[in-house]
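Letters A, B, ... mirror the listed sequences (proteins, then strands); counts begin at 1.
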Amino acid sequence: MGLLNPLLLMLAGAAAVPLLLHLFQRHQGPRVVFPALRYLRRAEKESARRIRIRQLLLMLLRILAMLLIAFAAARPFVRLGGVGHAPTAVVLIIDNSLSSSAVMGDRRVIDDIKERALDMLGDAAPDDRFWLLRAGNAGEPALAGDAASTMTLVRETEPAATASDIGAAIEHARALLAAGAEGRAAEIQVLTDLQVNSFRAPLASGSNAPPVIVWHPSDAPPQNRSITDVQLGGGMAPVENQRTVASAAVSGTGTTPINVRLTVDGRLAAAASARPGESAVLALPPRGAGIVEGTVDIDADAMHADDRRFFVARVLPPPTVQITSDAPFIADALAVLAEAGRIRMSSGNADVLISPAATGPIAQGRGAVVVLPPTSPNELAAVNGRLAAAGIPWRYGAPVPGEARFAPGANDPLLTALESARMRVTYTLTAEGAVTDSALLRLSDGTPWAVHGERRVGGTYVLLGSPLSVEASTLPTSAAMIPLLDRLISAWAPSLPPRTEIAPGSEISLPAGTTAVQRPDETKDDVAGAAAYHFGTLPGIYRILRDDSLIAAYAMNAPASESDLTRLKERDLDELLPGWSLHVTDDAGSWRRAAFRERLGRELWRPLLLALLLVLLVETSIAAAGRPRRGTAGARVPDTEAG
Amino acid sequence: MSTHPGDRTATDRAEGIRASRSQRADLLKPHELAALGGLEFVARQVVEGFIAGLHRSPHRGFSVEFAEHRMYQPGDDLRYIDWRMFGRSDRYYIKQFEEETNLRSYMLLDVSASMAWTSAPGVLPEKIWYAKQLAASLSLMLVRQGDAVGMMSFDSEMRTHVAPRGGRRHWHELLRTLIPIEAGGQTDPGSALRDLAGRLRRKGLVILISDLLVDPEETRLALRFLRHRGHEVLVFHLLDPGERELPGVGEVRFFDPETDEELPASAADVRREYREAVEHALEEWRRELAPQGIDYVLVGTDEPMAQALRAYLHKREKLG
């Protein structure tokens, strides 16, 4: 015998109400003039004992009714004597996402989850059927089997470096049970840490769905800090033999600074400290061209898996740049960048061409082109014709009257430097047809000032809204000029840098000639002849090899969303699973009792409600015996006064 | 506030008169009687209706002096058929006699506060109305028979007193005394009866009209005393239907207007015991009064007057 909602037993306290009424209620009815009081006094004397007994009986029945209501609300169940339980089809959902690796006390959450699962499986009967759904193992099918084989699978389960979607798993479980329960009682059992991101969206209504029994840890989640992002060079590809920086975003709780370390090729390269919510900036020493691999890590805490973040970057030679117009300030700035080794000047076939829209070869080559706006409104028609011919979907419009300034930017040094710049001449940029938002810089009124995209003839373009001349703006003489050109050439103009980070469980097309993929644990998968490769969920660096040569590398990290160990509230589940029959508990005993509901025998609320109905009927009939009957002689109140 | 049955609308009154024309007034329900009019008119209608029905009555005529003949009707006593007239006319005639008596009657009318009650105001008359109507009707019958009629009203003491005399004029004097009487005060019939016993010089008939919500022992003792003094005693016990069957109200505080006592009770809880208590009390009155030769008549205030008048007639017959 057990209770599914033991807290509702507190309703039994309402049983005191009839008792108190019985003890303290006094007759306070209206006053009725009635001369034959002598007969009444005699009658009352004779009936006093019977009335007392009747009132006592009514009180007891009312107390019993209250107790029955409270007991039924607590949803009691009884195990049918000696019988195990009815054959049950159970989908066991284990949330082995990254957050389940968090250590609470001296145990991982996953260890508690496995223990609950093994407890439940220990109560299984031979006719039960199980499916194991490991929500953290992306792409893994439901594992069907009996209790013994499922126990083996449970024991083997370890946290995955993934985010789970418990909602999707429950929907999957519902479908499995609908198709495969084969007449058994159906049940979905969920063991999870209820991490705040474990449900992506509310499910459809769960009417007629199997009951869902959820266990989650009772302890408060531990404090956790993590590296949630690593950016090299502020989004620009590292340049050969150039110093660059790695920016590591630190998240978590508290305000104490955290030690952050940068390791490149297995050697500590830099260290810094940052508070949660800040970014640590770590210097990356100059390197030759090629692939650079590394990690950023912090001191270990309750969840180790997100204390280290892997990264891969491709160090490239400085891009070649050609300018096709006489623009002294641009030329001077490029000279500075060339002297610093950020670029190489070129007289032809350059990676990046800086060209005026009116006269430059903006439709030539397959590299990137930075298009400077017309110097006079008279050139607008010719310029827009050239843009159209180059397959660029943007058009210059009439100049914006008055001075313009850039929209303020946060956390970007370039945007901060641009805030003081003033544009005296700014041409509006208007897209022709449907163009996705590709604005790189916007003015304070929201209109785009710099846009980019890919030319139909090949290569990329960047269009600027103001000429980079002292007549048109203060930019050429401002401190932002050189960083702006650096960003234009190294980040915005080139085609998108090759992908170097992959999500757990994702798939990529392999470069031609790939022979093997080396996994983070140093094992190799032979992929000769394969066009695509499906990655596992083990975080680390995956190397794409052609024979023994490294041709590409990818960093795989756990989703940052798993680092937030905040838990969902139990009431949140009611909204996420609308209409589902839910039993949520953080108690191991309650979980074990609630699992295999059919095993519990039938719930007793139905017979209890029947008993309640019976009690109420008896109560009503006894009470009715003490009430006036309609139509009886003397049913009038002859003379009533206010009581 | 209760409505006195006399406070009728013109419509009610017209309906009452139509009813009286189509039916004997002594057989009308009290609320129909009340619609007929005032005390005198109703009393006349009741008595005349009652007398008109006597020929169908199983009672013997009580007069001693021959007055006239009338046609025999089924139900008449065969002893009064005039066989001589039958021999002459071959028709059956009944001999009617005129009364000749000098009985002295005394009506005792209870006017305590309990008599002002009715269980159905506006539908049933108050007990005092019924008592006054009964007293007026009885006194008219007594006067018509040539008896002397006196009257006394009382609560805890004597309120009005009319010495016994005969004649129509005296009856009107009785009515003038009866009409303004209103119920109020506590009841003590014992002292009223003892007072009356002291006033009565000659033996006669004492008619007590009361709801008998009194001290029964003391009242029965006083009645026995009257019997002991040689008086004939007839007791009309007026009972409202709402006194016989407890009003069907829930939890209330019952209030006695005579004693100002209050008793909280649930009517449904005690209804059965109450009914038994009332029956027991009524049975006790019958049982205690009968051996003393005191006639006890229970009259419901929802019943026609005829029953009470018949009881009186029965008593009068015994007196000869």
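- No side-chain heavy atom of Val32(A) sits less than 4.5 Å from a side-chain heavy atom of Arg253(B).
- In this structure, Tyr39(A) and Ala277(B) approach most closely via the heavy-atom pair O-CB, 3.7 Å.
- Listed by first and then second residue, the ring pair (Phe, Tyr, Trp, His ring centres under 6.0 Å) pairs involving residues 256-280 of chain B are Phe34(A)-Tyr274(B) (not counting sequence neighbours).
- Pairing each heavy atom of Pro257(B) with each of Pro35(A), the nearest pair is CD-CA, 3.9 Å.
- The residue among Asp211(B), Thr259(B), Val278(B), Asp256(B) with the most heavy atom pairs within less than 4.5 Å of chain A is Asp256(B).
- Applying the side chain to side chain donor-acceptor pair (under 3.5 Å) rule to Asp302(B) yields no partners; only residues at least two apart in sequence or on another chain are considered.
- Minimum interatomic distance between Phe255(B) and Leu37(A) (heavy atoms only, all atoms of both residues): N-CD1, 4.5 Å.
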Give the intermediate values and the outcome of side-chain contact (heavy atoms from CB on, under 4.5 Å) for residues Glu44(A) and Leu263(B). CA-CA 9 Å; Glu44(A) 221 212 3; Leu263(B) 182 64; 3.6 Å; yes
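- Around atom CD of Glu182(B), no more than 12 heavy atoms belonging to other residues, nucleotides or ligands sit under 6.0 Å away.
- Proximity to chain A involves both the backbone and the side chain of Glu261(B), based on heavy atoms less than 4.5 angstrom apart.
- Only the side chain of Arg272(B) comes within contact range of chain A, with heavy atoms under 4.5 Å apart.
- With rounding to the nearest 0.5 angstrom, the CD atom of Glu258(B) is 8.0 Å from the CZ atom of Arg38(A).
- Shown here is Arg49(A), whose CZ atom has no more than 12 heavy atoms of other residues, nucleotides or ligands within 6.0 Å.
- By the neighbour-count criterion of 12 heavy atoms within 6.0 Å, atom CG of Asn208(A) is sparsely surrounded, having that number or fewer from other residues, nucleotides or ligands.
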Do Arg31(A) and Val252(B) pass the side-chain contact (heavy atoms from CB on, under 4.5 Å) test, and can you show the C-alpha distance, the side-chain angles, and the key distance before you say yes or no? CA-CA 6 Å; Arg31(A) 197 165 81 160; Val252(B) 291; over 6 Å; no
